[in-house]
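Structure first, then comments.
Proteins come first, then strands; the chains are lettered A, B, ... in the order of their sequence lines, and each starts at number 1.
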Protein chains: 2
Amino acid sequence: MSEVAATGISVLLVDDHPIVRQGYRRVLESQGDLHVVAEADNAADAYGAFKTHDPDVVVMDISMPGASGLEAIRNIRARNPRARILVFTMHNEAVLVKAAFSAGASGFVTKSSAPSAVVNAIRSIARGERAMSDDIAHVLAEDSLSPAGSALDQLGEREIEILQQFAGGATTEEIAAHLNLSVKTVQNYHYLIKTKTGARTDAQLVRLAATCGLTRI
Amino acid sequence: MSEVAATGISVLLVDDHPIVRQGYRRVLESQGDLHVVAEADNAADAYGAFKTHDPDVVVMDISMPGASGLEAIRNIRARNPRARILVFTMHNEAVLVKAAFSAGASGFVTKSSAPSAVVNAIRSIARGERAMSDDIAHVLAEDSLSPAGSALDQLGEREIEILQQFAGGATTEEIAAHLNLSVKTVQNYHYLIKTKTGARTDAQLVRLAATCGLTRI
DNA sequence: TCGCGGCTCGGGCAAATTTCCCAGGCCGGA
DNA sequence: TCCGGCCTGGGAAATTTGCCCGAGCCGCGA
């Protein structure tokens with residue numbers, strides 16, 4: 001803590017778009033107390049960079065090609081349970097937010113937030129607090145009030161993850177490779193997700209994922 | 001042109017994420033010759049800002065909530081056919097690229113490109129040239145070489161019809177019943193459509209149909 | 001007029017996937 | 001401790017896919 005106060009907050013930036021990273025870096029560093037010590041454009045590199053740099057805060061977009069961002073969060077937290085991770089993404093679906101927090105994230109800010117929201121969130125979670133942007137708070141609030149819940153609420157973390165990749169166009173083999181699962185397990189999840197959500201067709205599954213904000217079309 | 005050379009290149013930035021815009025602005029303005037004269041976070045505002053500021057180049061993410069980015073391109077070009085628009089997005093599908101150019105875009109750069117690629121593209125299209133990032137060039141090259149291409153324009157009427165129903169969530173049996181076909185024929189069409197479009201997954205098929213306006217989600 | 005090519009429609013058959021059902025391990029709560 | 005949930009995968013039958021095939025229809029150019 002005292003170290004943080006003395007030297008500012010070191011940040012690891014994870015996003016798959018170089019220019020976006022470049023922009024974040026400039027925005028954060030113009031604050032004075034925030035220092036981007038490393039960048040990564042995928043989950044594996046993010047884990048590697050975390051090990052080498054041990055940053056105070058990881059700012060991560062969880063919608064990356066290849067391995068899942070949630071998986072990256074779990075990996076980082078497994079190595080260091082005190083790691084602070086701020087999810088910073090365009091998605092604002094309650095299930096995703098819940099999944100991120102239960103995977104070990106300390107904060108969740110959408111990209112439609114004002115720049116100051118991100119900066120404040122970084123400072124908050126560096127102090128060990130939890131942080132989220134206003135729109136996320138509203139989404140969670142709405143979600144907790146609705147008794148029925150979205151069709152996706154009955155899905156577990158893993159199921160959400162697999163649905164997201166599937167709806168994004170990944171094949172069963174690709175998903176298995178990304179998540180280090182057997183093809184058989186992914187097939188079983190595929191089936192389970194369909195029965196749980198009531199989708200009778202892959203196309204219906206994609207539409208569901210899209211309307212719930214799990215994937216962009 | 002001489003005006004441009006004297007005062008640099010004025011840019012209108014269109015993206016629905018404030019922080020992303022903020023980042024772009026800093027990246028572009030650090031170049032010296034690029035000046036962001038206005039920003040917009042949706043298609044309607046983009047059109048308004050274009051009318052007021054008449055920028056040399058519009059840098060636009062076409063995946064925005066609400067009105068379509070393609071529609072915005074058409075509107076701007078309808079007002080001023082000499083408008084230069086650079087599409088700057090995370091998508092890299094051939095159909096989208098073609099659609100953007102035929103809507104009147106002058107360039108197409110993905111967010112996974114290096115920052116210099118965006119800057120160079122802006123300068124190129126300000127000179128009246130066409131520009132695209134390397135990955136987009138590859139996507140288009142692949143697309144033009146594949147015997148069937150990957151867009152929907154080579155699908156027959158029946159194929160379009162079946163794709164539409166399929167993407168809408170109908171099962172094979174339902175489609176067969178609707179169109180008075182045997183299940184086998186629908187299956188064959190399904191397969192044919194996949195090979196013609198290059199989709200390796202039903203999910204990719206749905207996304208394709210959606211981006212081409214064949215179905216709404 | 002004839003042939004050519006494209007679209008439509010479906011059969012066939014091996015290979016792959018989906019659909020269920022089941023089980024063990026793990027973990028958190030009663 | 002036991003129960004229930006999630007995660008992980010095996011097994012086997014049912015279904016679909018991948019790819020090849022032929023037939024009928026229609027327009028178009030020689």
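- Residue B:His190 has a polar side-chain atom (N or O) positioned under 4.0 Å from OP1 or OP2 of D:dT17.
- Residue B:Glu173 is classed as a sugar-phosphate contact, given heavy-atom separations below 4.0 Å to backbone atoms only.
- For the pair B:Tyr189 and C:dC9, the criterion of a side-chain N or O lying under 4.0 Å from OP1 or OP2 is met.
- D:dT17 atom C1' lies 14 Å from atom CD1 of B:Ile193, rounded to whole Å.
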A:His53 and A:Leu12: side-chain contact (heavy atoms from CB on, under 4.5 Å), yes or no, with the steps?
CA-CA 8 Å; A:His53 296 280; A:Leu12 163 61; 5.9 Å; no
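- Between the CG atom of A:Leu192 and the P atom of C:dC21 there is a distance of 12 Å, given to the nearest Å.
- For B:Lys196, the listed nucleotide lying nearest its side chain is C:dC7; candidates were D:dT17, D:dA12, C:dC7.
- With rounding to whole Å, B:Glu157 atom CD is found 17 Å from C:dG6 atom P.
- A straight line from CG of B:Leu155 to P of C:dC7 spans 10 Å, rounded to a whole angstrom.
- Looking only at side-chain heavy atoms (C-beta outward), B:His190 and B:Ile175 stay at 4.5 Å or farther from each other.
- Phosphate contact (OP1/OP2 of D:dT17, side-chain N/O of B:Lys194, threshold under 4.0 Å): absent.
- Contacts of A:Thr185 with the nucleic acid, taken as non-hydrogen atoms under 4.0 Å apart, include base atoms.
- Atoms CD1 (A:Ile162) and C1' (D:dG9) sit 12 Å apart, rounded to a whole Å.
- Here the two rings, on B:Tyr24 and B:Phe88, have centers that are under 6.0 Å apart.
- Whole-Å rounding puts the B:Gln187 CD to C:dG11 C1' distance at 12 Å.
- For the pair A:Tyr191 and C:dC20, the criterion of a side-chain N or O lying under 4.0 Å from OP1 or OP2 is met.
- A donor and an acceptor atom never sit less than 3.5 Å apart when one is taken from the side chain of B:Asn188 and the other from the base of C:dC9.
- The distance between atom CD1 of A:Ile175 and atom P of C:dT18, rounded to the nearest whole Å, is 10 Å.
- Both B:Leu179 and A:Thr172 sit near DNA chain C, but only B:Leu179 has its closest nucleotide nearer the 5' end.
- Rounded to whole Å, atom C1' of D:dC7 lies 15 Å from atom CD1 of A:Ile160.
- Side-chain atoms of A:Arg123 do not come within 3.5 Å of backbone N or O of A:Leu34 as any donor-acceptor pair.
- The side chain of A:Leu181 approaches D:dG9 more closely than any other nucleotide in the set D:dT17, D:dG9, C:dT8.
- In this structure, CZ in B:Arg26 is found 13.0 Å from CZ in B:Arg21, a value given to the nearest 0.5 Å.
- The base of C:dT19 lies close enough to the side chain of A:Lys184 for a donor and an acceptor atom to sit less than 3.5 Å apart.
- At D:dG9, one or more side-chain N or O atoms of A:Ser182 fall inside 4.0 Å of OP1 or OP2 (strictly under the cut-off).
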